[in-house]
Amino acid sequence: MSGLLRNLLTLLTAWPRYGSCAPHATVASSYRVTPLDTGITTLKSDRYLQIAESAQVDFLLNTGLMGGLLKQRIQFVNLAQMVRFGKAVRLFDKLQVDTRVAFADGKCAYFSHSFSVGGEPRAQVLVKMKFKQGRITVPPQQVLGAFSGDKPAQLQHWDDSLQAF
């Protein structure tokens with residue numbers, strides 16, 4: 001299914017739940033794998049990223065953050081994405097994506113998207129993103145609220161490897 005169509009369907013299905021979760025919550029989204037998402041019988045690797053983007057939109061709607069972002073003309077920009085594949089996702093499977101903010105610092109927020117079918121883990125997508133208002137980077141705390149604690153080691157290793165480029 002095209003990314004634009006999937007995002008439009010996500011908007012329509014998530015709108016009734018607008019603001020039902022806190023920004024620190026995990027938001028569950030469901031998607032059906034269609035023939036447009038697969039090669040022959042399994043989900044294409046690039047479609048994981050499209051579905052993760054739709055899950056981010058669903059997260060922003062369910063947490064009620066979308067309205068504030070639109071009012072303040074703040075956009076989110078994905079800086080880097082990392083996928084860890086597990087077991088294949090098949091055609092017509094009902095895919096559940098659990099989205100949460102794994103960490104946020106002064107510049108970036110790190111989203112974690114856990115993919116599962118029937119409760120069995122299938123993949124994980126990590127997304128490093130910024131909030132931008134024109135050319136200005138908006139601190140994630142201004143949008144998401146404060147996050148306490150240290151950056152998880154997995155995210156620190158990922159950042160270190162990104163810096164190597």
Side-chain angles (χ1 to χ4, degrees), residues 3 6-33 37 43 45-70 72 74-87 89 93-133 137-162:
R6 186 178 306 280
N7 286 346
L8 184 61
L9 289 172
T10 298
L11 282 169
L12 293 173
T13 58
W15 194 256
R17 299 184 315 267
Y18 185 83
S20 62
C21 299
H24 296 277
T26 299
V27 175
S29 312
S30 295
Y31 303 95
R32 185 68 64 181
V33 177
D37 296 322
L43 186 64
S45 59
D46 64 319
R47 299 297 191 223
Y48 285 90
L49 301 176
Q50 278 187 353
I51 293 171
E53 182 179 302
S54 292
Q56 276 179 260
V57 170
D58 188 61
F59 178 87
L60 293 171
L61 284 166
N62 278 279
T63 57
L65 296 171
M66 186 68 84
L69 293 176
L70 292 173
Q72 297 176 40
I74 297 174
Q75 302 170 342
F76 63 92
V77 178
N78 292 341
L79 301 174
Q81 299 170 321
M82 180 174 60
V83 183
R84 186 181 70 205
F85 298 103
K87 197 171 178 183
V89 177
D93 277 350
K94 185 175 182 181
L95 186 63
Q96 180 171 319
V97 182
D98 294 327
T99 301
R100 67 182 180 84
V101 178
F103 183 74
D105 58 21
K107 290 186 177 184
C108 299
Y110 298 82
F111 279 78
S112 171
H113 306 281
S114 299
F115 290 67
S116 63
V117 174
E120 183 182 343
R122 298 298 175 102
Q124 182 180 24
V125 176
L126 293 176
V127 179
K128 180 179 181 179
M129 64 171 282
K130 280 187 177 182
F131 293 102
K132 300 291 275 185
Q133 191 174 38
T137 298
V138 176
Q141 292 83 357
Q142 182 178 327
V143 176
L144 302 168
F147 278 79
S148 60
D150 296 328
K151 184 186 288 188
Q154 178 185 19
L155 296 178
Q156 186 59 53
H157 292 306
W158 185 32
D159 271 347
D160 293 343
S161 66
L162 289 173

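Asp46 pairs by the side chain to side chain donor-acceptor pair (under 3.5 Å) definition with nothing, not counting sequence neighbours. Applying the side-chain contact (heavy atoms from CB on, under 4.5 Å) criterion to Gln81, with sequence neighbours excluded, gives Leu49, Asn78, Val127. Qualifying salt bridge (Lys or Arg N to Asp or Glu O under 4.0 Å) partners for Arg17, counting only residues two or more places apart in sequence or in other chains: Asp58. Every side chain to side chain donor-acceptor pair (under 3.5 Å) that Lys132 has, sequence neighbours left out, goes to Thr137. Legend: residues meeting salt bridge (Lys or Arg N to Asp or Glu O under 4.0 Å) with Lys87, ordered by chain and number and at least two apart, are Glu120. Residues that satisfy the side-chain contact (heavy atoms from CB on, under 4.5 Å) test with Ala123, not counting sequence neighbours, are Tyr48, Phe115. Take Thr26 and apply the side-chain contact (heavy atoms from CB on, under 4.5 Å) test, not counting sequence neighbours, and it matches Asp98, Arg100. Annotation: side chain to side chain donor-acceptor pair (under 3.5 Å) contacts of Gln124 (sequence neighbours excluded): Arg84, Ser112. Every side-chain contact (heavy atoms from CB on, under 4.5 Å) that Ala25 has, sequence neighbours left out, goes to Cys21. Taking Ser54 as the reference, Asn7 meet the side chain to side chain donor-acceptor pair (under 3.5 Å) condition, with sequence neighbours excluded.
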### Task
Could you go through the side-chain contact (heavy atoms from CB on, under 4.5 Å) check for Val117 and Val33 one step at a time?
CA-CA 11 Å; Val117 174; Val33 177; over 6 Å; no

### Task
Please step through side-chain contact (heavy atoms from CB on, under 4.5 Å) for the pair Thr10 and Ser29, ending with a clear verdict.
CA-CA 9 Å; Thr10 298; Ser29 312; over 6 Å; no

### Message
Please evaluate residues Asp37 and Arg6 with respect to the criterion side-chain contact (heavy atoms from CB on, under 4.5 Å), reporting the C-alpha separation (whole Å), side-chain torsions for both, the decisive distance (0.1 Å), and the verdict.
### Response
CA-CA 11 Å; Asp37 296 322; Arg6 186 178 306 280; 2.6 Å; yes

### Test side-chain contact (heavy atoms from CB on, under 4.5 Å) applied to Gln50 and Glu53, step by step
CA-CA 5 Å; Gln50 278 187 353; Glu53 182 179 302; 5.7 Å; no

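Within 6.0 Å of CD in Gln75 there are 12 or fewer heavy atoms belonging to other residues, nucleotides or ligands.
By the 30° and 60° cut-offs, the orientation of the rings of His113 relative to Phe111 is parallel.
Applying the salt bridge (Lys or Arg N to Asp or Glu O under 4.0 Å) definition to pairs two or more places apart or across chains, none involves residues 137-146.
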Show the atom names and distances, to 0.1 Å, of all donor-acceptor pairs under 3.5 Å that link a side chain in residues 152-159 to residues at least two apart or in another chain.
residue : atom : partner : partner atom : Å
Gln156  : NE2  : Asp160  : OD1          : 2.9
Asp159  : OD1  : Tyr110  : OH           : 3.2
Asp159  : OD1  : Lys128  : NZ           : 2.9
Asp159  : OD2  : Tyr110  : OH           : 2.4
Asp159  : OD2  : Lys151  : NZ           : 2.5

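Shortest non-hydrogen contact noted between Thr63 and Ala22 is CG2-O, 3.5 Å. Closest of all the heavy-atom pairs between Leu144 and Ala109 is CD1-CB, 3.9 Å. In terms of heavy-atom proximity, Phe103 sits nearest to Asp150 at CE1-C, 3.7 Å. Between Ala28 and Gln96, the closest heavy-atom pair is CB-NE2, 3.7 Å.
Of the inter-residue distances, the one linking Cys108 atom SG with Lys130 atom NZ reads 5.5 Å to the nearest 0.5 angstrom.
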